[in-house]
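First the structure, in the form of structure tokens, and then the observations on it.
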Amino acid sequence: MRTDDFWQLIDRARADGGGEPHAVAARAVALLAGRDPEDIVGYARHQARVLSASHRVDLWGAAYLINGGVSDEGFHHFRGWLMTQGREVFARAVADPDSLAALPQVRAASLSGEEFSAAQMLAVPWDAYRRATAAELPADPAPVPVPDLNDFWDFDDEEEAKRRLPKLAALFVEPPAE
């Protein structure tokens, strides 16, 4: 599966399944399960590459601010949610995590406290493969390496957050304007 095919499938799931992450994931499973098993394996490989590319300290910091803290698993689920937002939002967030401050749902979350997570989006290839073949998705013989994140900064340090992610910090660190 090519990059364009991967994101087109997600775009179709977004359009046909509503904007809620669980609906996008369910529709992506249905769309993918209708394809050849090799396509499903290709989707899984591409998803692993997308997650590896987004496994970045600065994006983790953004997820931490937005969700009010995030564990290793929580960051993984946040990136699942980010996938449900489509290719353009995902790519922009990986290149500039502070760009997430422009998303209406992120701005609303600064007031509501909503957290963003979509574990079900991460399970799409496994669920689709099981539905299509009644078997488990084969393990990838060459898994994508996950980058080392030794450059963590103290996500609770408000001054550092303001310096690194000023737009998100204005929403999630600064007290709301009255």
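In what follows, every heavy atom counts, from backbone to side chain, and hydrogens, waters and symmetry copies are set aside.
Heavy atoms only, all atoms of each residue included: Ile40 and Ala132 are closest at CD1-CB, 3.8 Å. Pairing each heavy atom of Ala28 with each of Met121, the nearest pair is CB-CE, 4.5 Å. Between Ala62 and Pro97 the shortest heavy-atom distance is CB-CB, 3.8 Å. Counting all heavy atoms, side chain and backbone alike, Leu59 lies closest to Ser54 at CD2-O, 3.4 Å. Summarising the geometry of Val106 relative to Ala101, their closest heavy-atom pair is CG1-CA, 4.4 Å, with the distance given to 0.1 Å. In plain terms, the two heavy atoms of Ala161 and Val173 that are nearest each other are CB-CG2, 4.2 Å.
Leu168 CG to Arg107 CZ: the interatomic distance, rounded to the nearest 0.5 Å, is 9.5 Å. Here the straight-line distance linking atom CG of Leu31 with atom CG of Asp11 works out to 11.0 Å at 0.5 Å rounding. Within the model, atoms CZ of Phe6 and CG of Asp39 stand 13.0 Å from one another, a figure rounded to the nearest 0.5 Å. In this structure, Ser117 OG and Ile66 CD1 are separated by 12.5 Å, a value rounded to the nearest 0.5 Å. Note that the CG atom of Asp156 and the CG atom of Leu65 stand 9.0 Å from one another [nearest 0.5 Å]. Distance check: Arg35 CZ to Leu9 CG gives 5.0 Å after rounding to the nearest 0.5 Å.
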Inset, instruction - Show your reasoning for whether side chain to side chain contact (heavy atoms under 4.5 Å, CB included) applies to His46 and Thr3. - result: CA-CA 7 Å; His46 195 79; Thr3 299; 3.0 Å; yes
Inset, instruction - Tell me, with the steps shown, if Arg12 and Arg27 meet side chain to side chain contact (heavy atoms under 4.5 Å, CB included). - result: CA-CA 8 Å; Arg12 278 196 57 210; Arg27 184 67 179 142; 4.0 Å; yes
Legend entry - Glu114 and Gln105: CA distance, side-chain angles, deciding distance, side-chain hydrogen bond (donor to acceptor under 3.5 Å, both in side chains) verdict: CA-CA 9 Å; Glu114 179 183 2; Gln105 61 269 45; over 6 Å; no
Inset, instruction - Begin with the C-alpha distance, continue with both residues' side-chain angles, and end with the deciding distance and a verdict on side chain to side chain contact (heavy atoms under 4.5 Å, CB included) for Glu88 and Arg92. - result: CA-CA 6 Å; Glu88 183 180 320; Arg92 194 174 330 119; 2.6 Å; yes
Legend entry - Working for side chain to side chain contact (heavy atoms under 4.5 Å, CB included), residues Leu51 and Met83: CA-CA 9 Å; Leu51 292 172; Met83 285 174 53; 4.1 Å; yes
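Residues Arg163 and Glu159 are not paired through a salt bridge, judged by the lack of any N-O separation under 4.0 Å between the basic side chain and the carboxylate. Here Arg164 does not pair with Asp98 in a salt bridge; the nearest charged N to carboxylate O distance is not below 4.0 Å.
Side-chain contact between Val41 and Arg45: present, with at least one pair of heavy atoms (C-beta onward) separated by less than 4.5 Å. Arg87 places a side-chain heavy atom less than 4.5 Å from the side chain of Asp4.
Remark: side-chain polar atoms of Gln47 are paired, donor with acceptor, to backbone N or O of Leu122 under 3.5 angstrom. Looking only at distances, no side-chain donor or acceptor of Arg131 sits under 3.5 Å from a matching main-chain atom of Ala33. Judged by distance alone, with hydrogens and angles left aside, the side-chain atoms of Arg14 form a donor-acceptor pair with the main-chain N or O of Thr84 at under 3.5 Å. Asn67 contributes no side-chain N or O that, together with a main-chain N or O of Val70, makes up a donor-acceptor pair within less than 3.5 Å.
The aromatic rings of Phe75 and Trp60 sit parallel, their planes meeting at an angle under 30°, below the 60° perpendicular limit.
Within the structure, ring pair (Phe, Tyr, Trp, His ring centres under 6.0 Å) pairs that include any residue of residues 115-139 comprise Trp81-Phe116 (at least two apart or interchain).
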